[in-house]
Amino acid sequence: MKQSLHVLGTLDVGHAFFAEPPGGLMRFLLPPSSAALLGGGQALARELRGLWALLAEQHDDDPPPGPLHGRTLLLGLQPLDPGLDRYTRPPLPAAPAGSPAQRPCWRNSQAPAALDAAPLDVELCGRRPRLQPVSAERPLDWRLLDGAGQPLLSGRLSATQAAPAFSTDLPIGLLRWQERDPASAALLAERWLCIEPALAAAAPWGLVALRLDDAFAQQPAHWQLTLQPREDVLRYYVVGRGWAAPEMASLQVSDATPGLPAPQRLGFTRIDDWSGDPPDSARLPAAMLLGSAPPGAQVVLFEAQRSQTRRSRPEHRLQLQSDQRLLIEHLPQPGAARSDAQFVVHLAP
């Protein structure tokens, strides 16, 4: 009996932070529901050096494979680097305080062989979730729709009900939860759900929902997901011990990147006093910086005039000078291990 495998599609997760591909950013979590779906269609999944592959399996004496066209395959994404969020731009906007935990979910809803440009904001749930409505209005109508917008369930919450109770398991996959005004049917709130108990228990960083297509057998898909690096405002706090006021006044931070045109150079604003900043300011308090410094120490802040995209290899050469005298040829810049872009530079006499 002969067995053959051919590729239906591959999924690659990259990151624009790295100058060279890191050779695997994610562990791909295939839940039992997805494994069963693939098995019914005589397909399987494999990982190789960070690339996830969807393969079709065929034996000479096998019956025709089960239908996979139009079915949605769910995957979890778990970073191999636990510090991924330190240098990665959040794929989703910040959620309001008190809202359910949301995860990014990338789909191929626009074109089967490509991922959509932006991920969905998804709440990951088990099969009988307790869905807390956003609206405090009561009575309140609610609806559950499938991924295509077809109605599945609906109900009404009375004045004494906080949330609906589901007596049967919800179908695995992407669903839409809607809250509507009972009188006008106006939409009050809407959010996406991903019903998958194994993934809900694993709590992955992100999700991928791939809608399978018969065309993959003739033309394999290549789904590319590229994460973007975060952007920071660079701040250098220069603490001078034993430096006279004129010497401190002559300090400057400059961009000395070779061959970089002047308009592209990173400019810095000198700030001698920021004590009037509000309490929630991102700047470090000067009093904290001088707390352990000897009497007479001074601190000055150099703040970048625009945000800078993080890179594994810094794109700018930043220097600290005093009266044309080079003090530090390469000022530090944030990499993968740093959670912010604020640096304290100490100058000795």
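- Remark: Leu266 CG to Gln305 CD distance equals 7.5 Å, nearest 0.5 Å.
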What verdict does the side-chain contact (heavy atoms from CB on, under 4.5 Å) test give for Phe17 and Thr88, after you've listed the backbone C-alpha separation in whole Å, the side-chain angles of each residue and the deciding distance to 0.1 Å? CA-CA 8 Å; Phe17 170 81; Thr88 302; over 6 Å; no
Go through the steps to decide whether Trp142 and Phe166 satisfy the test ring-ring contact (aromatic ring centres under 6.0 Å, His included), and finish with yes or no. CA-CA 13 Å; Trp142 60 267; Phe166 300 105; 5.7 Å; yes
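- Relative to the six-membered ring of Trp52, Arg27 misses at least one condition, a distance below 6.0 Å or an angle of at most 45° to the axis.
- More than 12 heavy atoms of other residues, nucleotides or ligands shown are found within 6.0 angstrom of CZ on Arg127.
- The 12-atom threshold is exceeded at CZ of Arg86, counting heavy atoms of other residues, nucleotides or ligands nearer than 6.0 Å.
- Between the side chain of Asp323 and the backbone N or O of Arg325 there is no donor-acceptor pair closer than 3.5 Å.
- Counting only distance, with no hydrogens or angles, the side chain of Tyr236 and the backbone of Pro332 share a donor-acceptor pair below 3.5 Å.
- Side chains of Ser254 and Gln321: a donor-acceptor N/O pair is present below 3.5 angstrom, by distance only.
- Salt bridge status for Glu20 with Arg313: present, with a side-chain N to carboxylate O gap under 4.0 Å.
- Taking each heavy atom of Trp192 and Asp121 in turn, the nearest pair found is CB-O, 3.7 Å.
- Counting heavy atoms from C-beta outward, Arg211 and Arg71 have side chains that stay 4.5 Å or more apart.
- Nearest approach of Pro171 to Leu152, heavy atoms of both residues: CG-CD1, 4.0 Å.
- Between Arg317 and Asp255, the closest heavy-atom pair is O-OD1, 3.4 Å.
- Contact check for Pro204 versus Leu29: side-chain heavy atoms found under the 4.5 Å cut-off.
- When all heavy atoms of Leu157 and Pro164 are compared, the closest pair comes out as CD2-N, 3.6 Å.
- With a 4.5 Å cut-off on side-chain heavy atoms, Trp243 and Leu251 count as touching.
- Between the side chain of Ser281 and the main chain of Pro278, no donor-acceptor pair closer than 3.5 Å is present.
- Side-chain contact between Ile328 and Leu318 is absent, with no heavy atoms from C-beta onward closer than 4.5 Å.
- In terms of hydrophobic clustering, with Ile, Leu, Val, Met, Phe, Trp and Tyr side chains grouped at heavy-atom distances under 4.5 Å, Phe268 and Val239 are assigned to different clusters.
- Note on Arg191 versus Glu179: salt bridge recorded, some NZ/NE/NH1/NH2 to OD/OE distance being below 4.0 Å.
- Around atom CD of Gln219, no more than 12 heavy atoms belonging to other residues, nucleotides or ligands sit under 6.0 Å away.
- There is no path of hydrophobic side-chain contacts, each under 4.5 Å, that joins Leu174 to Trp106.
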Between Ser184 and Asp181, does a side chain to side chain donor-acceptor pair (under 3.5 Å) hold up when you go through it step by step? CA-CA 6 Å; Ser184 66; Asp181 180 85; 3.2 Å; yes
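- Taking both residues in full, the closest heavy atoms of Leu25 and Val13 are given as CD1-O, 3.8 Å, listed atom of the first, atom of the second, then distance.
- Atom CG of residue Leu30 and atom CG of residue Leu73 lie 6.0 Å apart, to the nearest 0.5 angstrom.
- His330 NE2 to Leu320 CG: the interatomic distance, rounded to the nearest 0.5 Å, is 13.5 Å.
- The pair Glu231-Arg310 does not count as a salt bridge, with every side-chain nitrogen at least 4.0 angstrom from each carboxylate oxygen.
- Relative to the ring axis of Phe343, Arg338 places its NZ or CZ within 45° and under 6.0 Å from the centre.
- For the pair Glu303 and Arg283, the salt-bridge criterion is met [side-chain N within less than 4.0 Å of a carboxylate O].
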For a side-chain contact (heavy atoms from CB on, under 4.5 Å) check, start with the C-alpha distance between Leu75 and Leu207, then their side-chain angles and the critical distance, and finish with the verdict. CA-CA 6 Å; Leu75 286 173; Leu207 301 165; over 6 Å; no
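- When side chains are defined from C-beta on, Pro220 does not count as touching Thr10, because their heavy atoms never get closer than 4.5 Å.
- Follow the hydrophobic side-chain contacts under 4.5 Å out from Leu290 and you reach Ile271 in the same cluster.
- With 3.5 Å as the limit, one finds a donor-acceptor pair spanning the side chains of Glu196 and Ser33.
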Intermediate values then yes/no, side-chain contact (heavy atoms from CB on, under 4.5 Å), Leu326 and Gln319: CA-CA 7 Å; Leu326 184 60; Gln319 300 180 337; 3.6 Å; yes
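- Ionic pairing of Asp272 and Arg270 is present here: one or more N-O contacts between side-chain nitrogen and carboxylate oxygen are shorter than 4.0 angstrom.
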Could you please spell out the steps behind the side chain to side chain donor-acceptor pair (under 3.5 Å) verdict for Gln178 and Glu190? CA-CA 4 Å; Gln178 293 185 341; Glu190 183 178 48; 2.8 Å; yes
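- In this structure, Arg176 contributes its side chain and Ala148 its backbone to no donor-acceptor pair below 3.5 Å.
- Taking CG of Asp213 as the start and CG of Leu8 as the end, the distance is 10.5 Å to the nearest 0.5 Å.
- Atom CZ of Arg306 sits in a crowded spot, with more than 12 heavy atoms from other residues, nucleotides or ligands closer than 6.0 Å.
- Looking only at side-chain heavy atoms (C-beta outward), Val238 and Phe302 come within less than 4.5 Å of each other.
- A tilted orientation is assigned to the rings of Tyr87 and His15, their planes being inclined by 30° to 60°.
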Does Trp223 form a ring-ring contact (aromatic ring centres under 6.0 Å, His included) with Phe216? I'd like the steps, not just the answer. CA-CA 12 Å; Trp223 300 290; Phe216 299 159; 5.4 Å; yes
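- The backbone N or O of Ser158 sits less than 3.5 Å from a side-chain atom of Gln161, completing a donor-acceptor pair.
- Residues Leu55 and Arg46 form a side-chain contact, since some pair of their non-hydrogen atoms from C-beta on lies under 4.5 Å apart.
- Note that the CG atom of Asp116 and the SG atom of Cys105 stand 9.5 Å from one another [nearest 0.5 Å].
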Should Arg230 and Asp232 be marked as a salt bridge (Lys or Arg N to Asp or Glu O under 4.0 Å) after you check the CA-CA gap, both sets of side-chain angles, and the distance that decides it? CA-CA 7 Å; Arg230 66 181 293 174; Asp232 307 282; 3.1 Å; yes
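- Under the 4.0 Å criterion applied to side-chain N and carboxylate O atoms, Arg128 and Asp169 are assigned as salt-bridge partners.
- Counting only distance, with no hydrogens or angles, the side chain of Asp146 and the backbone of Gly149 share a donor-acceptor pair below 3.5 Å.
- Atom CG of residue Asp12 and atom NE2 of residue His222 lie 5.0 Å apart, to the nearest 0.5 angstrom.
- Counting heavy atoms from C-beta outward, Val208 and Leu74 have side chains that stay 4.5 Å or more apart.
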Go through Leu175 and Leu145 one step at a time and tell me if the side-chain contact (heavy atoms from CB on, under 4.5 Å) criterion holds. CA-CA 6 Å; Leu175 306 180; Leu145 314 176; over 6 Å; no
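- Taking each heavy atom of Glu315 and Thr257 in turn, the nearest pair found is O-CG2, 3.6 Å.
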